[in-house]
Amino acid sequence: MKTTVILALSLVVSVGVAHGGAAEGKDLYNAKCQSCHGANGEGKAAIGKAFGVTMKPLGSKEVQATSAADMKKAILSGAGKMKPVAGITDKQADDIVAYVKTLK
Ligand code: HEC
């Protein structure tokens, strides 16, 4: 009985990892986005200045209202002054979007 519970739990854990999602997205965010958008998506003022824009906090109502599809497009194809972020697969972009959607 105990073994069954442990087996079931480890299955849940490994499936969770395999699916990636927000947890994996967080690591990718820290590696690929944080340098400009800040640790919590607040946006770095110096970057905004350099690009001549006001960085909207990613957790703001306005940005959160962006659909997952549009957010993904921003990552893969760029948005306004933001260039497409290099070295991100389609699935990784989904994971990053899942994470950004938690920044409310
Ligand atoms: C080199 C700096 C830089 C990096 C790296 C970067 N961004 Fe951006 N991002 C910007 C700038 C600047 C803007 C504002 C663009 C504008 O307003 O024209 C922006 C805008 C956005 C927007 C649109 C928000 C809005 O203003 O409506 C989203 C969403 C976004 N970034 C997500 C990401 C994600 C996710 C990553 C990582 C995969 C990332 N960005 C990496 C600089 C960056």
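Both counts, for ligands and for their atoms, begin at 1 and track the order of listing.
- Across Y29 and H37, no two heavy atoms sit closer than the pair OH-CB, 3.1 Å.
- Looking only at heavy atoms of the protein, atom 23 (C) of ligand 1 is closest to A79 CB, 4.5 Å.
- Counting only heavy atoms from C-beta outward, the side chains of K44 and M55 never approach each other to under 4.5 Å.
- Among all heavy-atom pairs drawn from K32 and A86, the shortest one is NZ-O, 3.2 Å.
- The nearest pair of heavy atoms linking I96 to C33 is CG2-SG, 4.3 Å.
- In this structure, Q64 contributes its side chain and L58 its backbone to a donor-acceptor pair below 3.5 Å.
- Against a heavy-atom cut-off of under 4.0 Å, C36 is close to the following atoms of ligand 1: 1 (C), 2 (C), 3 (C), 4 (C), 5 (C), 42 (C), 43 (C).
- Against a heavy-atom cut-off of under 4.0 Å, G80 is close to the following atoms of ligand 1: 18 (O).
- Counting protein heavy atoms only, atom 24 (C) of ligand 1 is closest to V63 CG2, 3.9 Å.
- V53 CG2, 3.9 Å is the protein heavy atom nearest to atom 14 (C) of ligand 1.
- When V100, T54, V85 are checked for heavy-atom proximity to atom 41 (C) of ligand 1, V85 turns out nearest.
- Under the 4.0 Å distance rule, the nearest protein heavy atom to atom 6 (C) of ligand 1 falls inside the cut-off.
- Residue T102 comes nearest to A22 through the heavy atom pair CG2-CB, 4.2 Å, listed as atom of the first residue, atom of the second, then distance.
- Residue contacts to atom 8 (Fe) of ligand 1: C33 brings no N, O or S atom closer than 2.8 Å.
- Among all protein heavy atoms, the one lying closest to atom 28 (C) of ligand 1 is L58 CD2, 3.9 Å.
- The contact set between ligand 1 and I88, taken as ligand atoms under 4.0 Å from a residue heavy atom, comprises 38 (C).
- Side-chain N or O atoms of K56 include none that pairs as donor or acceptor with a backbone N or O of K61 at under 3.5 Å.
- Protein heavy atom nearest atom 13 (C) of ligand 1, with residue, atom name and distance: M82 CB, 3.9 Å.
- Each of the atoms 29 (C) of ligand 1 lies under 4.0 Å from some heavy atom of M71.
- Here is the list of ligand 1 atoms found below 4.0 Å of a heavy atom in I96: 35 (C), 38 (C).
- At a 4.0 Å heavy-atom cut-off, ligand 1 touches M55 through the side chain alone.
- Nearest heavy atom pair, residue K101 against residue T66, reads NZ-O, 2.5 Å.
- Evaluated by nearest non-hydrogen atom to atom 10 (C) of ligand 1, the leading choice among H37, K81, K32 is H37.
- Residues I88 and L28 fail the side-chain proximity criterion, which asks for heavy atoms closer than 4.5 Å.
- Against a heavy-atom cut-off of under 4.0 Å, F51 is close to the following atoms of ligand 1: 1 (C), 12 (C).
- For the residue pair M71 and V63, the shortest heavy atom distance occurs at CE-O, 3.5 Å.
- Open room surrounds NZ on K26; 12 or fewer heavy atoms of other groups in view lie less than 6.0 Å from it.
- Regarding atom 26 (O) of ligand 1, its nearest protein heavy-atom neighbour is K56 NZ, 3.4 Å.
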